[in-house]
Amino acid sequence: MTGGAGNGHWDVVVVGAGSAGCALVARLVDAGRRVLLLEAGADHAQPADFPAVLRDATRLGAVGPGSPATWSYTARLTAELDHPVVRGRGVGGSSAVNGGYFVRGTRADLDGWAADGNDLWSYDAVLPSFRRLESDRDLSGDPAHGGTGPVPVTRVRSAHPVADAFAGACAELGFPAEPDKNADGAPGHGPLPMNVADGVRVNTAMAYLSPRRGSPDLSVRGDTVVTRVVVRSGRAVGVQTTDGVVHADEVVLAAGAVASPHLLMLSGIGPAAQLRAAGVEVLVDAPGVGADVTDHPDLYLTWQPRHELPVLPDQLPLASVLNARAAGSTGSGDLEVLPWLTPFSQVFGAPGPPAREDLALGLALMQEDSRGQLTLVSADPSVQPRIEHRYLTEASDRRRMREVVRLGAQLLRTSSFAPLVAARTGLPDDALAEDRALDQWVRAHLATAQHLAGSARMGPDGDPGAVVDQHLRVRGVVGLRVVDTSVMPRVPSRGPAATAVALGERAAELMTGG
Ligand SMILES: Cc1cc2nc3c(=O)[nH]c(=O)nc-3n(C[C@H](O)[C@H](O)[C@H](O)COP(=O)(O)OP(=O)(O)OC[C@H]3O[C@@H](n4cnc5c(N)ncnc54)[C@H](O)[C@@H]3O)c2cc1C
């Protein structure tokens, strides 16, 4: 345990030191609140204390099976396909293990949340939080950006041949340049903002907690698993942990989009029939808990390089991204293509000699119409909820997934990219040519971007699926909030990490009357 506050009285107990949780806690402490932060995984006080595998932004080295830095779940992507789902475990949460892609949700995303009755979350309302959280090292003088915030944001200007070829391919196909992915422009191709500084993945615990260690108002307890919220007479009074009960005036769940709805259900807040069937006493019948899950279905289009490609020193695996609108779409871009610059054996495995292996384009649907579901199956907190993504249930999603696969294949065929490509691997020409065959190929190769959101979403009075109001207060229980990607009405049309941090910032503002 670090921090000066010992076991005294807590204004707020926060469960989960992840992307949103760390930002929230830091800003509450800055506002003079006494905060206890409980984290199931390991605590590391200073950036240098984090294991190399979590610091090293050139790899995603901590997400494999059995990693102590992750929770490992099994999810059902479609009726036929199971897939592992991981979440970060330890201070920093998923920001400590993720890809470091740090792109804001767009104006269309946030104004869409506002249009659903959450006007405190419009783009203009959240923009100050996006600015406050960052030190944009490329654009700090720009009015849309912050220059002094805790999270360093940089764009890689990569000289890698794949990055160059991809830029050329996007231009050839007529996609506009989008030089600042964190500005309010039209979707296109551009350099990827990343929360990386000098090769280090700067997670939210490094950015927000490390500078506040030693504050008398902050205590961080690692290796402490919360198993439910303690509710008395309709008010949250604390949490049950594996070590006993902790009391506080207010409880915030920031445990992520799987664990927060799971904790609500274990505490008796969820769909009544489902809770009863699992043997949990019902406190609040809240049908929206676990419902309306959104994510980014994705897959990889692999290709074999014609020549061995250089592995540049300290090469980050990602450098640029294309966001594009599917046919008939008008929003901020519902398709995404991410060129990987290094083979997956190096990205996910041990560093080793460069191998001449297939490379991949990541292809994702960024605004799915299908909705997934988390279901409580046991009153035992150690049993994971059933996770069903129900990807591609809607025909509009199947159509757009075909479109993004064809776009990926087209990019590889451009005169800019083709000289690097010996062969497209994995996707046969006949599957590409015919819709039914392509649907089948997609279903067999489908994966997930690991961007779960919406499992305890916000919404106005009268919205039966809304678990929290727009102050993120759980309906039906006083003194209880959820502050993480669970509350997003829909996953943003960019990776959710930056928006999760902004959510923590904005929630602190709302909790302290800002
Ligand atoms: C492998 C991977 C790669 C990703 N790559 C990217 C990317 O490059 N860009 C991007 O935008 N998004 C990415 N994401 C998604 C993004 O990182 C997450 O959506 C975001 O970080 C979630 O933030 P959060 O605050 O909701 O939860 P988290 O950051 O997951 O934090 C939840 C915290 O709560 C703790 N916790 C959970 N249960 C309990 C309990 N019972 N008791 C105590 N503590 C508990 C967890 O251990 C964790 O520390 C990736 C995710 C993963 C898993």
Parallel, tilted or perpendicular: ring planes of Trp340 versus Phe348, cut at 30 and 60 degrees: tilted
Polar side chain donor-acceptor pair, Glu336 to Asn323, under 3.5 angstrom: yes
pair Leu363-Leu338: side-chain heavy atoms closer than 4.5 Å: no
Backbone N/O of Gln450 and side chain of Arg87: donor-acceptor pair under 3.5 Å: yes
Pairs involving residues 90-106, ordered by first then second residue, that meet salt bridge (charged side-chain N to carboxylate O under 4.0 Å, His left out) (sequence neighbours left out): Arg104-Glu134
Contacts of type side-chain contact (heavy atoms from CB on, under 4.5 Å), residue Ala453, not counting sequence neighbours: Thr294, Thr485, Met488, Val491
Side chain to side chain contact (heavy atoms under 4.5 Å, CB included) between Arg490 and Asp116, intermediate numbers included: CA-CA 10 Å; Arg490 282 172 299 283; Asp116 288 351; 2.8 Å; yes
Leu24: which of Val483, Leu472, Leu503 passes side-chain contact (heavy atoms from CB on, under 4.5 Å): Val483
Ser396/Asp369 under side-chain hydrogen bond (donor to acceptor under 3.5 Å, both in side chains): CA gap, chis, key distance, verdict: CA-CA 7 Å; Ser396 54; Asp369 290 331; 2.6 Å; yes
For Leu407 against Leu322, the heavy-atom pair lying closest together: CD2-CD2, 4.2 Å
Side chain to side chain, Leu359 and Leu341, heavy atoms closer than 4.5 Å: no
Residue list, side-chain contact (heavy atoms from CB on, under 4.5 Å) with Asp430, at least two apart or on another chain: Pro428
Side chains of His145 and Asn182 in contact at under 4.5 Å (non-hydrogen atoms): yes
Any side-chain heavy-atom pair of Met511 and Leu28 under 4.5 Å: yes
Residue pair Arg76, Glu388: steps toward the salt bridge (Lys or Arg N to Asp or Glu O under 4.0 Å) verdict: CA-CA 5 Å; Arg76 183 138 277 212; Glu388 294 165 298; over 6 Å; no
Minimum heavy-atom distance between Val467 and Val289, given as atom pair plus value: CG2-N, 3.5 Å
Intermediate values then yes/no, side chain to side chain contact (heavy atoms under 4.5 Å, CB included), Met401 and Val442: CA-CA 8 Å; Met401 207 67 204; Val442 164; 3.7 Å; yes
Whether Ser95 side chain and Thr204 backbone form a donor-acceptor pair below 3.5 Å: yes
From CA spacing to verdict: side chain to side chain contact (heavy atoms under 4.5 Å, CB included), Leu81, Arg443: CA-CA 8 Å; Leu81 190 65; Arg443 290 182 92 81; over 6 Å; no
Heavy-atom closest contact (Gly168 atom, Ser416 atom, distance): C-OG, 3.3 Å
With Arg402 via salt bridge (Lys or Arg N to Asp or Glu O under 4.0 Å) - residues at least two apart: Asp435, Asp439
Side chain to side chain, Val404 and Leu365, heavy atoms closer than 4.5 Å: no
Under 3.5 Å donor-acceptor, Arg398 side chain and Leu392 backbone: yes
Asp109 and Arg494 ion-paired at < 4.0 Å: no
Derivation and outcome, salt bridge (Lys or Arg N to Asp or Glu O under 4.0 Å), residues Glu505 and Arg27: CA-CA 7 Å; Glu505 288 266 5; Arg27 297 309 185 193; 2.9 Å; yes
Contacts of type salt bridge (Lys or Arg N to Asp or Glu O under 4.0 Å), residue Asp136, not counting sequence neighbours: Arg155
For Pro84, all residues meeting side-chain contact (heavy atoms from CB on, under 4.5 Å), sequence neighbours excluded: none
Salt bridge (Lys or Arg N to Asp or Glu O under 4.0 Å) assessment of Glu434 paired with Arg436: CA-CA 6 Å; Glu434 203 266 316; Arg436 265 229 323 250; 5.4 Å; no
Donor-acceptor pair, side chain of Thr78 and main chain of Glu80, under 3.5 angstrom: yes
Contact list for residues 107-136, test ring pair (Phe, Tyr, Trp, His ring centres under 6.0 Å), sequence neighbours left out: none
Whether Asn98 side chain and Gly93 backbone form a donor-acceptor pair below 3.5 Å: no
Lys/Arg N to Asp/Glu carboxylate O, Asp334 vs Arg400, below 4.0 Å: yes
In residues 186-200, what donor-acceptor pairs under 3.5 Å come from side-chain atoms, sequence neighbours left out?
| from | atom 1 | to | atom 2 | distance (Å) |
| --- | --- | --- | --- | --- |
| His189 | NE2 | Ser320 | OG | 3.3 |
| Asn195 | ND2 | Val202 | O | 3.1 |

Under 3.5 Å donor-acceptor, Thr393 side chain and Ser370 backbone: no
Arg424 charged N/C atom sitting above Trp303 aromatic ring, 6.0 Å / 45°: no
Ring pair (Phe, Tyr, Trp, His ring centres under 6.0 Å) contacts in which one or both residues fall within residues 418-451, not counting sequence neighbours: His296-His451, Trp441-His445
Test side chain to side chain contact (heavy atoms under 4.5 Å, CB included) applied to Cys170 and Leu411, step by step: CA-CA 7 Å; Cys170 291; Leu411 286 160; 4.1 Å; yes
Whether Ser135 side chain and Gly149 backbone form a donor-acceptor pair below 3.5 Å: yes
Thr512 side chain vs Ala508 backbone, donor-acceptor pair below 3.5 Å: yes
Residue pair Glu357 / Ser345, side-chain donor-acceptor N/O under 3.5 Å: yes
Ionic contact status for Glu403 with Arg406, cut-off 4.0 Å: no
Donor-acceptor pair, side chain of Asp298 and main chain of Ala364, under 3.5 angstrom: no
Partners passing salt bridge (Lys or Arg N to Asp or Glu O under 4.0 Å) against Arg481 (at least two apart in sequence or in another chain): Glu250
Side chain to side chain donor-acceptor pair (under 3.5 Å) partners of Ser486, counting only residues at least two apart: Asp484
Side-chain donor/acceptor of Gln373 to backbone N/O of Asp292, under 3.5 Å: no
Contact check, side chains of Asn203 and Phe50, non-hydrogen atoms, under 4.5 Å: yes
For Arg325, salt bridge (Lys or Arg N to Asp or Glu O under 4.0 Å) partners two or more places apart: none
Distance-only donor-acceptor check, side chains Glu172 and Ser415, under 3.5 Å: yes
Side chains of Asp469 and Pro460 in contact at under 4.5 Å (non-hydrogen atoms): no
Side chain to side chain, Arg59 and Thr342, heavy atoms closer than 4.5 Å: no
